[in-house]
Amino acid sequence: MKFWRNIRTLGLYQLALDIITMIRVCKMFRQGLKGFREYQIIEAAHRTHPIFSFWDKKKQGRITFDTLDFIAEEGHFPPRAIQITQKKPSWRTEQEIQSLCNLLQVMDSYRNYDEPLQMLLAKVTRFERFGRRRVIVKKGQRGNSFYFIYLGTVAVTDDEDGSSAFLDPHPTLLHKGSCFGEMGLLSTAVRRATVVCMEETEFLVVDREDFLANQLDEEVQKESHYRFSFFRKLDLFSSWPDEKLWKLVPMGKVEKFAYGQLITKDFADSSFLIFICKGSCEILRLVDLASSLSYYKWIWQCLELIDDRPLRAHLKEPYPEKRFKEFQIKSYPLQDFTALKLLHLQKACEQEGTSLNERFQDPENTLPKIMGPKIRSRFPYPIKCSMVNTKFGELPKEAVVGVYMKVHTVEEGETVGFHQAFLPGAQRDLRPMGLMSLGAELIRVRREKFCELLDNETKGKLLSTEIDYPSDEELCQRFLKENHWNVFRKDLIRLLMESQQKPPFIPSYPRKKEIYNPKSLILDLCNIKKRSKPCRPVFMASQKYLPPLRIIQAISAPRHKIQELLPQYKNAGVLI
Ligand SMILES: Nc1ncnc2c1ncn2[C@@H]1O[C@@H]2COP(=O)(O)O[C@H]2[C@H]1O
């Protein structure tokens with residue numbers, strides 16, 4: 001009693017009570033939050049007809065499938081599937097295993113196995129979810145499990161606690177759909193690396209006994225041999241003995257990328273050397289069009305076409321004499337007097353001491369354009385739009401855009417990532433280039449690890465395969481050319497289709513506003529004035545590579561009617 005009285009006087013009793021209460025509250029919060037999350041996942045009271053059912057003739061019974069059972073918050077492993085993985089393998093029913101197997105198809109590494117093996121894995125796998133910074137496997141330790149990543153990202157590091165992954169600007173990352181932990185399960189091997197979660201990550205785990213019982217070790221060996229035989233076939237390694245090549249094999253894994261999937265934003269800046277095993281990839285460059293002289297010239301030429309005069313000329317009223325000259329020229333019937341106009345214009349230019357090609361550079365120039373009638377002469381009055389300064393002069397703000405241009409295609413058996421790496425820094429092409437898959441299978445190896453094996457002969461071979469990538473100016477000119485051709489092609493198709501006089505096929509669009517609108521990828525120079533506020537989503541380039549910039553795919557500029565360029569098509573349909 002005395003003891004308790006002492007404690008009471010010391011306040012320790014109260015402290016202990018407080019701590020117990022706090023623990024209880026925390027526990028309730030934890031449970032509450034979990035419950036809340038589960039609620040978010042399952043909540044679907046408003047959904048209609050969640051149960052899909054049909055009569056199975058063979059089984060003479062009704063088969064029902066509650067779609068809600070396998071619905072989860074986007075990307076998360078569904079709660080119903082979690083329940084199945086929590087059961088002992090022998091308690092899982094055939095149907096449950098099949099449902100799990102269907103669900104796991106989203107993971108590339110799982111899908112690669114043949115169907116019977118997939119079913120065996122679905123029977124034994126269990127689910128785990130870990131938070132950021134959690135170490136999953138530790139280098140040097142004995143391995144007990146093999147992991148599929150259902151959601152999230154992990155990093156593979158050489159240190160024991162995985163902390164380097166958060167300091168390294170280019171850590172080795174494994175994403176949703178990959179697997180790891182197989183090497184430590186092979187006979188006497190220990191973990192070759194540490195794997196740490198970069199964010200909250202969901203795994204499907206196969207334990208050592210099940211891994212070996214299902215002969216997954218043989219699958220792993222098969223994959224290693226695949227990598228070895230791929231490297232063996234490359235001319236780059238023809239001088240390497242087998243033992244040396246086997247050192248390269250565990251440095252990377254085979255990764256699959258879907259068509260159009262971005263592999264890396266900037267391969268020169270990343271620390272990887274990439275070998276293309278199957279398919280091909282495109283090297284892409286994000287070009288800031290406003291930094292190109294050709295684009296600058298072209299934009300001003302197009303803007304003049306809008307109403308025959310340079311945009312800036314509208315800001316000042318022309319002298320009466322000039323206005324009269326212009327009136328005279330404009331008042332000719334356009335189609336019949338084009339040649340005459342040209343002659344007149346040339347004379348006028350000579351008088352003014354300018355050549356036709358220089359006209360776009362002269363903001364004061366108010367002479368009309370020389371070709372036939374225009375389409376969309378919408379602005380007979382001054383155009384007002386905000387301008388920005390570029391290195392060549394002012395451009396309308398709307399016209400400062402970027403495009404992704406293909407620089408080069410990398411084919412099967414080629415490598416990416418050592419471009420000009422052996423040149424002195426100042427001579428290197430340091431422009432950021434992205435790599436996009438056209439449906440490719442590749443192996444990524446860390447450059448510094450590869451350099452440990454690199455000899456002079458291999459270096460020489462790498463140098464001999466190097467090519468110079470086109471400059472931004474060349475890419476821009478190519479874009480303008482391709483854009484011109486695409487616009488012409490579309491105009492032509494429209495012209496020819498018009499003749500068929502059938503009502504055009506118009507797909508019915510959902511009424512809801514969509515996030516993706518293909519029109520947002522077209523810069524419409526004819527409506528440049530109207531676009532004070534972009535009404536469509538603007539695709540922005542990454543700040544790291546360029547200033548904020550709208551990304552476009554095509555430019556629709558004021559242009560001459562196609563019938564004028566191809567007089568034989570004047571009566572559309574006659575030639576079809
Ligand atoms: N270069 C690499 N690229 C991708 N994964 C790797 C790489 N090195 C090791 N791993 C994986 O990281 C795991 C660490 O544990 P294990 O050695 O069991 O198996 C290893 C591989 O699955």
Side-chain angles (χ1 to χ4, degrees), residues 107-110 112-113 121 125 128 130 133-150 152-165 168 170-198 201 203-212 214 216-228 230-231 245-257 263-264 267 270-277 415-417 441-454:
M107 299 188 291
D108 285 341
S109 51
Y110 179 84
N112 281 345
Y113 297 129
L121 287 173
T125 188
E128 298 273 12
F130 296 115
R133 287 188 181 271
R134 168 73 182 250
V135 172
I136 308 298
V137 306
K138 215 172 189 180
K139 188 176 175 172
Q141 288 193 344
R142 191 171 174 272
N144 285 319
S145 305
F146 171 64
Y147 300 82
F148 291 100
I149 306 172
Y150 189 83
T153 309
V154 298
V156 181
T157 68
D158 267 340
D159 58 354
E160 274 191 15
D161 63 355
S163 56
S164 64
D168 187 346
H170 307 290
T172 307
L173 298 177
L174 299 176
H175 301 277
K176 177 184 168 109
S178 306
C179 61
F180 62 89
E182 71 291 353
M183 293 180 191
L185 299 186
L186 300 177
S187 58
T188 55
V190 289
R191 298 292 196 196
R192 292 177 57 94
T194 296
V195 179
V196 61
C197 294
M198 298 301 282
T201 307
F203 300 101
L204 284 143
V205 189
V206 179
D207 290 326
R208 173 186 272 271
E209 307 78 57
D210 298 317
F211 183 86
L212 297 175
N214 291 315
L216 272 176
D217 50 340
E218 283 175 21
E219 295 291 326
V220 173
Q221 302 282 12
K222 254 195 238 166
E223 220 259 303
S224 301
H225 280 281
Y226 174 78
R227 269 176 279 163
F228 177 83
F230 164 71
F231 286 136
L245 209 54
W246 272 112
K247 287 187 187 156
L248 180 64
V249 168
M251 286 186 182
K253 284 184 169 187
V254 177
E255 295 173 75
K256 284 185 182 175
F257 287 87
I263 299 165
T264 166
F267 60 80
S270 86
S271 7
F272 295 95
L273 180 61
I274 300 170
F275 295 91
I276 314 291
C277 310
T415 49
V416 197
E441 239 180 64
L442 48 91
I443 301 174
R444 278 194 267 205
V445 175
R446 282 195 91 86
R447 255 190 247 162
E448 76 267 11
K449 289 206 170 178
F450 182 77
C451 285
E452 287 169 15
L453 299 174
L454 191 63

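Order of listing sets the numbers, starting from 1, for every ligand and every atom in it.
With respect to the salt-bridge test (charged N to carboxylate O, under 4.0 angstrom), the residues Glu452 and Lys449 do not qualify. A salt bridge between Glu223 and Arg227 is present, with a side-chain N of the basic residue lying under 4.0 Å from a carboxylate O of the acidic one. Ion pairing between Asp158 and Arg446 fails under the 4.0 Å rule for side-chain N and carboxylate O.
A distance-only check finds no donor-acceptor pair linking the side chain of Asp168 to the backbone of Ser164 [under 3.5 Å]. Between the side chain of Thr125 and the main chain of Val205, a donor-acceptor pair closer than 3.5 Å is present. Using a distance-only test at 3.5 Å, with no hydrogens or angles considered, a donor-acceptor pair links the side chain of Ser109 to the main chain of Gly177.
Ranking protein heavy atoms by distance to atom 17 (O) of ligand 1, first place goes to Arg192 N, 2.7 Å. Of all protein heavy atoms, the one lying nearest to atom 14 (C) of ligand 1 is Ala193 O, 3.4 Å. For atom 4 (C) of ligand 1, the nearest non-hydrogen atom of the protein is Leu174 CD2, 3.9 Å. Nearest non-hydrogen protein atom to atom 20 (C) of ligand 1 is Gly181 N, 4.0 Å. When only non-hydrogen protein atoms are considered, atom 15 (O) of ligand 1 lies nearest to Arg191 CD, 3.4 Å.
Distances below 4.0 Å separate heavy atoms of Val137 from the following atoms of ligand 1: 14 (C), 15 (O). Interface of Gly184 with ligand 1, defined as ligand atoms under 4.0 Å from a residue heavy atom, comprises 16 (P), 17 (O), 18 (O). Taking every non-hydrogen atom of Glu182 and a distance limit under 4.0 Å, the qualifying atoms of ligand 1 come out as 18 (O), 19 (O), 21 (C), 22 (O).
In terms of polar-atom proximity, defined here as any N/O pair under 3.5 Å, Phe180 makes no such contact with ligand 1. Residue Thr172 places no N or O, backbone or side chain, under 3.5 Å from any N or O of ligand 1. Taking any N or O of Met251, backbone or side chain, at least one lies under 3.5 Å from an N or O belonging to ligand 1.
Residue contacts with ligand 1 leave out Gly143, since none of its heavy atoms falls under 4.0 Å from the ligand.
Here atom 6 (C) of ligand 1 lies nearest to Val156 when heavy atoms of Val195, Val156, Val154 are compared.
Val196 and Ala165 make their closest contact through CG1-CB, 3.9 Å (heavy atoms, listed as atom of the first residue, atom of the second, distance).
A ring-ring contact (aromatic ring centres under 6.0 Å, His included) with Phe180 is found for exactly one of Tyr147, Phe148, Phe146, namely Tyr147.
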Validation: residues 248-256 side-chain donor-acceptor distances under 3.5 Å, sequence neighbours left out:
| residue | atom | partner | partner atom | Å |
| --- | --- | --- | --- | --- |
| Lys253 | NZ | Cys179 | O | 2.5 |
| Lys253 | NZ | Glu182 | OE1 | 3.4 |
| Glu255 | OE1 | Arg444 | NH2 | 3.0 |
| Glu255 | OE2 | Arg444 | NE | 3.2 |
| Lys256 | NZ | Asn112 | OD1 | 2.9 |

